[in-house]
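As the structure is a prediction and not an experimental result, all values here were calculated from the model. Whatever order the structure lists them in is the order used to number ligands and atoms, beginning at 1.
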Amino acid sequence: MRSLRRWKPEAQNPTSRTGFLRSLRFRLTLSYVLFFSVLLIGIGLLFQKTLQLGMDDDSRAALEEEWGAAKGYLHIEGGKPVWIADPTDPEEAYIVERLRHVYILADYNGKVLEHSQTYDSIGIDSPQEIGRILNLPMPEIHVRRDAEGVPYMIKAGYVRGDKGHPYFFALGRSIQGNERTVANFTKNYFLILPGLIFVAGLLGWALAGRAIRPLNLVAATAQEITGSNLSLRIPRRNANDELDNLIDAFNRMTVRLSESFDQIRQFSTDVSHELRTPLTAIRGQLEVALFTAEKPDQFRDAMVNALEDVEKLSSIVRALLLLSQAESGQLVLQKTRLDLGEVVADVVDQFQIPADEKNVKLTATLEPGWMANADRTQVERMISNLLSNALKYTPKGGKVHVSVHRDPEEGWIRLEVEDNGVGIPAENLPHIFDRFYRVRNAQTNYTQGLGLGLSFVSWIVSAHDGAIQVESKPGAGSRFIVRLPAAMALRESASEPATTTV
Ligand code: ADP
């Protein structure tokens with residue numbers, strides 16, 4: 001067995017033929033890149049959102065704190081805002097200053113009492129808006145932009161004045177820093193994204209190449225295989241994965257192919273040999289008659305002998321034709337209700353003379369009345385083939401026994417042909433029903449045949465929905481067991497179990 005370790009560059013690169021875009025490697029890489037692109041974009045968007053929400057939460061918490069502080073410093077006395085801060089504490093003054101950076105105070109009717117310059121740029125709330133917010137149970141937080149587009153988070157609600165009157169109060173803080181951070185993240189992430197996808201593509205290309213390498217190997221090996229070069233095997237990777245299964249299946253297929261090719265080669269040799277022998281004989285007989293025969297009797301003898309050989313030739317051709325008809329489905333069975341015991345008895349009778357000539361004892365135990373729906377001609381052919389094999393492969397002084405009886409399984413009839421001839425070695429047994437298969441060893445070398453008889457038997461058995469099996473031991477003999485389905489009324493004369501022994 002020769003292992004293939006290298007392969008031709010043209011086979012290694014099937015893209016040259018299939019087109020780069022349709023190659024499996026390209027398509028695998030493309031799926032990989034698409035998958036990674038979607039994944040990375042998804043992850044980027046998720047991070048962006050999480051970052052934004054986190055920063056908004058921080059700003060909201062800070063705004064809440066400022067809102068609470070502002071309410072502490074702001075007093076409304078006689079309809080006027082008064083910010084109370086300790087003038088001696090510079091820090092407190094600074095805090096109040098900061099709180100008043102983005103703010104507005106308006107009365108219940110929407111009249112603005114005080115507002116910061118920044119709030120002016122954001123836009124003073126309309127009296128309707130003020131009325132709406134004052135009617136809310138809780139203060140509201142929203143985002144608005146100033147004239148330059150800077151975003152502010154604003155909390156708007158009410159505060160009570162000295163007489164308990166509600167006043168509209170809104171406080172804000174810039175969230176431009178948040179927006180910038182998120183924008184920077186997004187820009188940087190989506191800038192490096194093509195690079196990441198490119199690296200993923202390269203990785204995918206390499207992985208896909210690795211994954212389909214054995215496939216290329218299979219393709220390359222398949223290309224190298226020809227009728228005369230069937231010993232090539234693809235080395236296993238020992239990963240025990242799907243590709244190893246494929247390699248195993250491929251290797252088994254080449255083994256089978258190799259066996260078939262061997263059989264066909266052997267068959268051609270056998271057929272030529274089988275046909276040549278009678279042809280040479282005919283030619284010899286005709287030449288002798290032509291050059292040496294003088295009397296009519298001598299001519300007649302030559303013609304009789306030639307005719308016998310022509311008959312042999314026709315039977316070989318007939319067998320070949322029949323098998324090819326059977327296998328191509330052209331042979332239609334003519335099934336009738338048959339007494340198997342009777343049919344077998346007829347065939348056994350025909351084989352008595354050849355058995356006697358060969359000094360082989362042919363006996364039969366036949367129970368009549370076992371009925372089957374079968375084609376008489378084909379069943380006779382099946383029994384003839386089994387019997388002629390049994391006689392052919394049983395030496396002088398041997399025994400052949402045929403029997404028809406009930407199968408242990410209900411509804412089946414059993415036909416057995418048993419001999420004590422040369423037997424079949426165990427390693428050949430699985431193949432003997434293959435077309436053109438012949439066992440070749442010292443015992444069978446001098447027997448003639450084409451290896452077609454048992455393939456025909458096997459076809460006939462399965463065409464009758466039956467089964468065939470063989471038990472054999474080299475040197476001890478063989479037993480062929482055919483099981484056929486019995487016709488509905490199983491036995492015609494079930495009351496009298498008669499047995500014929502021939
Ligand atoms: P062949 O024309 O060679 O007899 P078959 O298809 O009938 O072809 O049989 C296939 C092979 O099976 C034979 O070559 C022979 O080796 C083996 N065989 C068949 N029947 C017997 C038997 N009764 N005893 C021993 N070997 C047998």
Side-chain angles (χ1 to χ4, degrees), residues 259-260 262-278 312-327 344 347-348 351 354-355 358-364 378-403 414-463 467-482:
E259 285 171 2
S260 303
D262 284 348
Q263 281 179 22
I264 291 169
R265 260 193 292 274
Q266 190 58 53
F267 172 70
S268 312
T269 316
D270 289 348
V271 170
S272 332
H273 180 77
E274 292 290 319
L275 297 179
R276 204 179 51 202
T277 314
K312 207 182 268 173
L313 278 177
S314 327
S315 72
I316 294 172
V317 174
R318 253 200 319 273
L320 286 172
L321 205 65
L322 211 60
L323 191 67
S324 77
Q325 275 177 346
E327 290 188 347
V344 174
V347 183
V348 170
F351 275 85
K358 206 185 164 186
N359 196 14
V360 170
K361 194 166 179 223
L362 173 59
T363 54
Q378 302 309 339
V379 170
E380 282 178 352
R381 190 168 276 139
M382 169 186 87
I383 303 160
S384 296
N385 281 347
L386 291 175
L387 263 178
S388 77
N389 274 352
L391 291 178
K392 194 156 68 172
Y393 299 107
T394 302
K396 269 192 177 109
K399 284 188 228 159
V400 173
H401 183 73
V402 188
S403 63
R414 186 182 266 242
L415 163 79
E416 290 184 10
V417 179
E418 191 177 358
D419 64 60
N420 64 352
V422 297
I424 306 165
E427 69 269 21
N428 302 112
L429 271 181
H431 305 289
I432 56 168
F433 295 102
D434 294 350
R435 209 172 162 177
F436 313 130
Y437 188 85
R438 301 202 69 211
V439 178
R440 283 168 200 283
N441 55 29
Q443 282 75 39
T444 57
N445 256 358
Y446 298 102
T447 57
Q448 289 189 348
L450 289 173
L452 293 176
L454 284 184
S455 2
F456 205 53
V457 167
S458 140
W459 179 83
I460 296 171
V461 172
S462 57
I468 183 163
Q469 85 190 66
V470 52
E471 296 164 359
S472 189
K473 207 167 161 205
S478 316
R479 180 200 301 198
F480 286 81
I481 304 162
V482 176

Should you measure from each heavy atom of [X], which atoms of ligand 1 turn up under 4.0 Å away?
| X | result |
| --- | --- |
| V439 | 14 (O), 16 (O) |
| A390 | 23 (N) |
| G453 | 5 (P), 6 (O), 7 (O) |
| S478 | 22 (C), 24 (N), 25 (C) |
| I432 | 10 (C), 12 (O) |
| L452 | 6 (O), 8 (O) |

Checklist entry - Where's the contact between Y437 and ligand 1, heavy-atom distance under 4.0 Å: side chain, backbone, both or neither? => result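 It is the backbone that touches ligand 1; the side chain stays farther off.
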Checklist entry - Is it the side chain (CB and beyond), the backbone, both or neither of D419 that lies under 4.0 Å from ligand 1, heavy atoms counted? => result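 The answer is the side chain.
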In this structure, does ligand 1 have an atom that sits under 4.0 Å from one of the heavy atoms of [X]?
| X | answer |
| --- | --- |
| K392 | yes |
| G451 | yes |
| F433 | no |

Checklist outcome for this item: Paired with V417, the side-chain contact (heavy atoms from CB on, under 4.5 Å) test is passed by just one of V457, V482, V402, N389, namely V402
Next on the checklist: Counting only heavy atoms, tell me which of L387, N389, I424 gets closest to atom 26 (N) of ligand 1.
Outcome noted: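 The nearest heavy atom belongs to I424.
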Checklist entry - Between Y437 and L454, is any pair of side-chain heavy atoms under 4.5 Å apart? => result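 In short, these two side chains do not touch, never coming nearer than 4.5 Å.
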Next on the checklist: Could you check whether atom NZ of K392 has more than 12 heavy atoms from other residues, nucleotides or ligands sitting under 6.0 Å from it?
Outcome noted: yes
Next on the checklist: For a quick test of reading the model, state the closest non-hydrogen atom pair linking P395 to V360 and the distance between them.
Outcome noted: O-CG2, 3.8 Å
Checklist entry - Short question: side chain of S462, backbone of W459 - any donor-acceptor pair under 3.5 Å? => result yes
